[in-house]
Amino acid sequence: MSITTDVKEGLAAAVRKAIQAAAAKGDLAIDGLPEVTLEIPREKEHGDYATNVAMTLAREARKSPRQIAEIIVKHLDTSGSYIASFEVAGPGFINFQLDARWLGEALRSAEAEGAAYGRLHLGAGEKIQVEFVSANPTGPLHVGHGRGAVVGSVLANLLERAGYAVTREYYINDAGNQIANFAKSLDARYRQALGEEAPFPEEGYHGRDLVELMEKFAAEHGDSYLKKSAEERMAALTRYALAAKLEAIREDLTAFGVTFDVWFSEQSLHDGGELKRTIEWLQKKGHVYEKDGALWLRSTAYGDDKDRVVVRENGMPTYIAADIAYHKNKFERGFDRVINIWGADHHGYIPRMKAAAAVLGYDPDALEVLIVQLVTLLRNGEPVVMSKRAGELVTLADVIEEVGKDAARFFFVMRSADSHLDFDLSLARSRSAENPVYYIQYAHARICSILRQAVEAGMIPEVPPGSDLDLGRPLAEISPGFGRADLSLLNTESEIDLMKKIALFPEEVSQAALRREPHAMARYALELAGLFHPFYNTYRVITEDRGLSMARLVLVDAVRLTLKNALEILGIAAPGRM
RNA sequence: GCGCCUGUAACUCAGAGGAUAGAGUAGCUGACUUCUAAUCAGCAAGUCGCAGGUUCGAGUCCUGCCAGGCGCGCCA
C-alpha cells in the first residue's frame, strides 16, 4: 500500500517470528502471539522504528521487559529486511535502525505516482455521504458556516483520496416555520421598498440582504403583487428570494472551493409525499404514539433522553420528522455510511438522530456526526463585535474578500474541529512570515523556481509546454535522468528528514481520513514545508556536482509533488511563483 | 440540575498509553554580491486546571472536583 506500511509490517512480522521462535525453544513462556505494534520514536537516537512488545509481555512471561527484549532480539532474523541494526533500550524497547535504501524507494514511489501519490484503497468502493454546510437559505453564510464548509470539504477530499466513493451533499432547509417567517419578513421589506410603513415581524430576518432583494423585486415588478392575496404574494416573494439566496450561497461556496454533488430540498420531502409515508410507516411499526394531541417518536427506546414530537398538535410535522424522512432517503440511496457535519449548537441533536436511524432499522453507528466548535473572529487580536439581531455580521464572503480563499480555508481547517477557533483576520491577511499559508505555498514556489533553474542549467532536458513548472506531473516523467539519480547521495540529516516525511504521506492521509481529522493534513503540510525551508537555506540543489544535483532535484521534486497533493486535499492553490 | 466540547510556554494551538512534552506568534541576538529573506540560525519560556485511581509506564484511560464555551422546545 505504501512504503511505510510495508516497512512496519515487515518489522512486525520479523518480531513476531522471533517471538514465535523464542517460545518454541522454551525461552519465553507465553501462549499465543501478542500484537506487535511499531511506532516512530520521538527521539531520533531511539532509531527509525521501535516496538514496546517486550513490555507488554512482561507479566505473562514473568520476566523483566529488558530480559524479554534481549530474548526476542536473540531470535531476530534480519536477512532480507531493511533492518540495519537494532538495540534494546530504555525500559525494554527494541529500537530499529533502518537501511537508508527504503527512503530512496519512498522517493521513487512519490515520483512514480505523482499526483496519485497518497491515493489509497482503504474504502474499497464503500459509499460515504458527507452532508455539510446545509445553512438556512434565509440569510447569508457567516463564519461559522465557513468552518463547517472547509472541514466538510477537506474531509470529503481525504475520504475520496483514501478510496471511498464520496457524495457531497447540501440539505436545503426550505420548509417549515422559518420559511413562513422568512415570507413575512420579505412581505414587510417588499412593502417598505414600495414606500409603505409595513411593520417588521418580531422574529423576522433583519439582514440587509433581504432589503436589497426586495428593492430589486419591487423595481422589477412594481406594486403588482400588492393586489394579489397575501398567500399568493408571499409564495411569490419566497420563491424569488429563495432562488436568489441559494444562488448566492452556491456562488460563495464555489468561490471558496466548496462544491456539492447533491442539493437536497427539504420541501421536496413534503411535496413528494415521502414525509407522509415515513410517518405512516412509523405509525404502522409502532415507533410513535399519541399524547396531548401530538404524535411522539419513541426515541428513548434507542438511547435518547426524551421522546420527541414528530407531528404537532396542529397537524404540522416538526423539523425532526423531515429529518427522519431525509435520513431514510439517504440510507435508501445505498450509502454505507453517512457523515453529518454540524455546528456545536446542534450537538444535543445527535442522540435523537441516532435514535431515528435505529428506529429506521439502520445501524446508528453508520450515521456519524462531526461537531465543529464555534469560531471567534478577531481583528488585531480583538474580538470582532457582531450583532445578529441588528443584522450586523461578518459574512463568509466578507472574510474571503478580506483574506483570500487560500488563507481563509487554511485558517478554518488548521485546528482540530472540537477545539474553539480563534480566526485572526489581520494575521490571515498579512503576507508575512506569521502567515502559515504562505509559508507552505512559498516552499512550493521556491521548488518550482529551482526546477526552472535546472531547466536553464540543462539538467532537465525536456521542458514541458508553458515551462512554468508549476505542473502536476512528476519530473521523472519528462526527465529520464531522474530515474538514474543516485539517491544514496542524500545523506544529510536534513535530507533524510525530508525523505521520511514524504514517505509518511500516504499514512497521514489514511489516518486523517479514518480519524475524521482534516486538520491533520494542514499540520502535515506545515511540517513538510518546515523541513524544506531549512534544507533550502543550508544546501544548494543545483551545483557543479551533477550527480548530487540530480539526486537533490529528485528530492525537491518529490517534496513539490507531495506538497501539491496535500494542498489539493486542503483545497488550497499551489502556486509556481510568488 | 443533566449532556457535549475545551483547559498544555506570555498568546494561539499540536501531541490515538511509551523513553528528555513540541510548533507558531510575541521577546531578545544574528544571516540577503547566494536556486525567491513570504526564508533561516540561535537564546529564553512548562506544578500539561486540581485531586485521586488503573498500569511496568499517564498530557493521553477511569472517577470526582474547579473554570470557560455550547446545548437541554409541539424552533431549526
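All chains are named by letter (A, B, ...) in the order of the sequence lines, taking the proteins before the strands, and each is independently numbered beginning at 1. Note: hydrogens, waters and symmetry copies are ignored here, and every other heavy atom, side chains too, is used.
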Please classify the nucleic acid contact of Glu313(A) as base, sugar-phosphate, or nothing, using heavy-atom distances under 4.0 Å.
base

Residue pair Ser419(A) / Gln373(A), side-chain donor-acceptor N/O under 3.5 Å
no

Go nucleotide by nucleotide along RNA chain B from the 5' end; which of Met578(A) and Gly176(A) gets its closest nucleotide reached first?
Met578(A)

Which whole number of Å gives the distance between the P atom of rG1(B) and that of rG18(B)?
36 Å

For Glu39(A), answer base if it contacts any base atom (sugar-phosphate contacts may also be present), sugar-phosphate if it contacts only those atoms, and nothing otherwise; contact means non-hydrogen atoms under 4.0 Å.
sugar-phosphate

OP1, OP2 of rA76(B) versus side-chain N and O of Arg312(A): anything below 4.0 Å?
yes

Does Pro65(A) reach a base, just sugar-phosphate, or nothing at all? Heavy atoms under 4.0 Å.
nothing

Does the gap between the ring centers of Phe200(A) and His206(A) come in under 6.0 Å?
yes

Can you identify which nucleotide, out of rU20(B), rC35(B), rA76(B), has its nearest atom closest to the Ile450(A) side chain?
rC35(B)

Roughly how many Å is it from OH in Tyr539(A) to P in rC40(B), rounded to a whole number?
15 Å

Taking atom C1' in both rC32(B) and rA67(B), compute the distance separating them and give it to the nearest angstrom.
49 Å

Answer with base, sugar-phosphate or nothing: what part of the nucleic acid does Arg59(A) contact at a heavy-atom distance below 4.0 Å?
sugar-phosphate

Please tell me if the side chains of Val143(A) and Leu396(A) come closer than 4.5 Å, counting only heavy atoms from C-beta onward.
no

Could you tell me whether the side chain of Asn329(A) and the main chain of Ala325(A) form a donor-acceptor pair under 3.5 Å?
no

Stacked pair Phe93(A)-rG18(B), distance under 5.5 Å, angle under 30°
no

Looking across every strand, which nucleic acid part, if any, lies under 4.0 Å from Ala520(A) by heavy atom: base, sugar-phosphate, or nothing?
nothing

Counting only side-chain heavy atoms from C-beta out, which of rG68(B), rA76(B), rC35(B) sits nearest to Thr318(A)?
rA76(B)

Atom P, compared across rA21(B) and rU60(B): separation rounded to whole Å:
14 Å

Would you state whether a donor and an acceptor, one from the side chain of Asn52(A) and one from the base of rG18(B), lie under 3.5 Å apart?
yes

Can you figure out which of rA41(B), rG73(B), rC35(B) approaches the side chain of Pro534(A) most closely?
rA41(B)

Would you say the base of rA19(B) stacks on His46(A) (centre-to-centre below 5.5 Å, plane angle below 30°)?
yes

Identify whether any heavy atom of Asp292(A) sits under 4.0 Å from a base atom; if not, whether one sits that close to sugar-phosphate; answer base, sugar-phosphate or nothing.
base

rG24(B) C1' sits how many Å from Glu527(A) CD, rounded?
12 Å

Given the C1' atoms of rG68(B) and rU25(B), what is the spacing between them in whole Å?
23 Å

Taking atom P of rC13(B) as reference, at what distance in whole Å does atom CE of Met414(A) sit?
9 Å

Between Arg352(A) and rC72(B), is there a contact of a side-chain N or O with OP1 or OP2 at under 4.0 Å?
no

Out of rC5(B), rC13(B), rG18(B), which nucleotide sits closest to the side chain of Asp422(A)?
rC13(B)

Taking the six-membered ring for Trp, are Tyr326(A) and Phe264(A) parallel (under 30°), tilted (30 to 60°) or perpendicular (over 60°)?
tilted

Determine the Euclidean distance between corresponding P atoms of rC48(B) and rU29(B); express it in Å to zero decimal places.
31 Å

If you look at every strand shown and take non-hydrogen atoms under 4.0 Å, does Asp304(A) touch a base, only sugar-phosphate, or nothing?
nothing

Between rC5(B) atom P and Glu517(A) atom CD, what is the distance in whole Å?
14 Å

Does rA19(B) have OP1 or OP2 sitting under 4.0 Å from an N or O in the side chain of Arg42(A)?
yes

Categorize Ala344(A) for me: base, sugar-phosphate, or nothing, with a 4.0 angstrom heavy-atom threshold over every strand shown.
sugar-phosphate

Considering only rA76(B), rG69(B), rC56(B), which nucleotide approaches the side chain of Met55(A) most closely?
rC56(B)

The side chain of Asn95(A) is closest to which nucleotide in this list: rA19(B), rC70(B), rU39(B)?
rA19(B)

Pairwise P distance for rC4(B) and rG42(B), with rounding to whole Å
45 Å

Side chain His420(A), main chain Leu374(A), donor-acceptor under 3.5 Å:
no

Do Leu427(A) and Phe411(A) touch side chain to side chain, with heavy atoms closer than 4.5 Å?
yes

Short side-chain N/O contact to rA76(B) OP1/OP2 from Tyr319(A), under 4.0 Å:
no

As a test of reading the structure: which of rC70(B), rC40(B), rC13(B) is closest to the side chain of Tyr439(A), going by heavy atoms?
rC40(B)

Would you mind classifying the nucleic acid contact of Arg415(A) as base, sugar-phosphate or nothing, using non-hydrogen atoms under 4.0 angstrom?
base

Mind checking if Ala457(A) touches a base, just sugar-phosphate, or nothing, with heavy atoms under 4.0 Å?
nothing

Give me the distance, rounded to whole Å, that separates rC2(B) from rC65(B) when you measure between the P atoms they each carry.
8 Å

Along RNA chain B (nearest heavy atom to each residue), the more 5'-positioned of Leu374(A) and Ala175(A)
Leu374(A)

Mind checking Ser416(A) for me? I need base, sugar-phosphate or nothing, with any heavy atom below 4.0 Å counting as a touch.
sugar-phosphate

For rA58(B) and rG17(B), measure between their P atoms and round to the nearest Å.
14 Å

When you check the gap from the basic side-chain N to the acidic O, do Arg352(A) and Asp305(A) get nearer than 4.0 Å?
no

Counting any heavy atom closer than 4.0 Å, what does His346(A) reach on the DNA or RNA strands: base, sugar-phosphate only, or nothing?
base

